[in-house]
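What follows is one structure encoded as structure tokens, with my remarks underneath.
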Amino acid sequence: MKMEIIKMDKISVKYGYIEALRDLDLVVNEGEYIGIVGPNGGGKSTLLKTILGLVKAYEGNVTFKGTTIKKSGLTIGYVPQITDLNRIFPITVQEVVLTAKIPAEKSWFHKYSKKDLNDVEDVLKKVGIHNISERQISDLSGGEFQKMLIARALAVNPNVLLLDEPTAMIDIKSQKQIYTLIKKLSKEMTIVLVTHDVKEITKQVDRLIYLEKNILAEGDPEEVYRYAYLRPVSVAHRARARSGGGE
Ligand SMILES: Nc1ncnc2c1ncn2[C@@H]1O[C@H](COP(=O)(O)OP(=O)(O)O)[C@@H](O)[C@H]1O
Ligand SMILES: [Mg+2]
């Protein structure tokens, strides 16, 4: 039996006058590996942020196993989309990953335990960057930086991992390594991956979603890929069919 762990119910989000999501319904099942694609500005980052509570929906609500995130017992790891801005902090890889281990109540004077340090070592190994843990993050390549953000998300021991374009602006070799890693992680946790690499993920996700303010196509990855990128007209047809009632 599939268990619904995240449910977005009639979600609408606005930034001022800009509508980013409109009346969006989405269910994420336990153990699922979902890919989200769509045009720039289509609301992909907003969707992830709404799940995380970083953005408030003006309509609709998000529930976790039918309740609040706290009561659900779920832990969500998040890999934010890289911008030039978040690349300039002068701290080491290990410090960035450790920040995930600070208990919220005593963030100022918290001392890291041996266990914290071991856990960090473990996640750095898992993503393959333990050999550069002392390095300043300003000296990391794009691929290393992305792997560090994934390590940081994994440090909270998540059962759900949300990734926002984890392979944007990096070399092909790192991209391949990251997709291999995510595929491996998908066997241990639920994953929602936002990306531009439609071709690449069509081969590995369980379900593909094409998002443009609302879900215009979703389901079997190959089919959605064809609808969304090879016969764009069909997307509009399908969208109309959906809003006309039923899927
Ligand atoms: N903080 C913000 N303030 C104002 N507008 C925003 C903000 N974040 C996103 N938007 C707008 O909301 C829409 C959806 O953005 P976003 O969720 O980032 O899309 P995507 O990740 O698919 O590119 C876009 O029109 C974008 O310009
Ligand atoms: Mg985005």
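Indexing begins at 1, ligand by ligand and atom by atom, following the structure's order. Just the heavy atoms: all of them, side chains too, but no hydrogens, waters or symmetry mates, feed the values below.
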Once you restrict both partners to nitrogen or oxygen, which atoms of ligand 1 have a protein partner under 3.5 Å, and how far apart are they?
unit_1   : atom_1 : unit_2 : atom_2 : d
ligand 1 : 17 (O) : Thr46  : N      : 2.9
ligand 1 : 17 (O) : Thr46  : OG1    : 2.5
ligand 1 : 19 (O) : Gly43  : N      : 3.1
ligand 1 : 21 (O) : Ser45  : N      : 2.9
ligand 1 : 21 (O) : Ser45  : OG     : 2.9
ligand 1 : 22 (O) : Gly42  : N      : 3.2
ligand 1 : 22 (O) : Gly43  : N      : 3.0
ligand 1 : 22 (O) : Lys44  : N      : 2.9
ligand 1 : 22 (O) : Lys44  : NZ     : 2.8
ligand 1 : 23 (O) : Gly41  : N      : 2.7

Using distance only, find each side-chain donor-acceptor pair of residues 49-56 under 3.5 Å and give its atom names and separation, not counting sequence neighbours.
unit_1 : atom_1 : unit_2 : atom_2 : d
Thr50  : OG1    : Thr46  : O      : 2.6

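Shown here is Lys65, whose NZ atom has more than 12 heavy atoms of other residues, nucleotides or ligands within 6.0 Å.
Residue Val194 forms a side chain to side chain contact (heavy atoms under 4.5 Å, CB included) with just one option from Leu47, Asp164, Ile209, and that option is Asp164.
The backbone N or O of Gly60 lies less than 3.5 Å from no partner atom in the side chain of Asp9, so there is not a single donor-acceptor pair. A donor-acceptor pair under 3.5 Å links the side-chain atoms of Glu32 to the main chain of Asn29, judged by distance alone. Checked by atom type and distance alone, the side chain of Lys44 pairs as donor or acceptor with a backbone atom of Gly38 at under 3.5 Å. Formation of a donor-acceptor pair under 3.5 Å by the Ser12 side chain with backbone atoms of Asp23 is found in this model.
In this structure, Pro221 and Arg207 approach most closely via the heavy-atom pair CG-N, 4.3 Å.
Applying the salt bridge (charged side-chain N to carboxylate O under 4.0 Å, His left out) rule to pairs touching residues 174-199 yields Lys126-Glu188, sequence neighbours excluded.
Note on the Mg ion (ligand 2): protein N, O or S atoms under 2.8 Å away count 2, no waters included.
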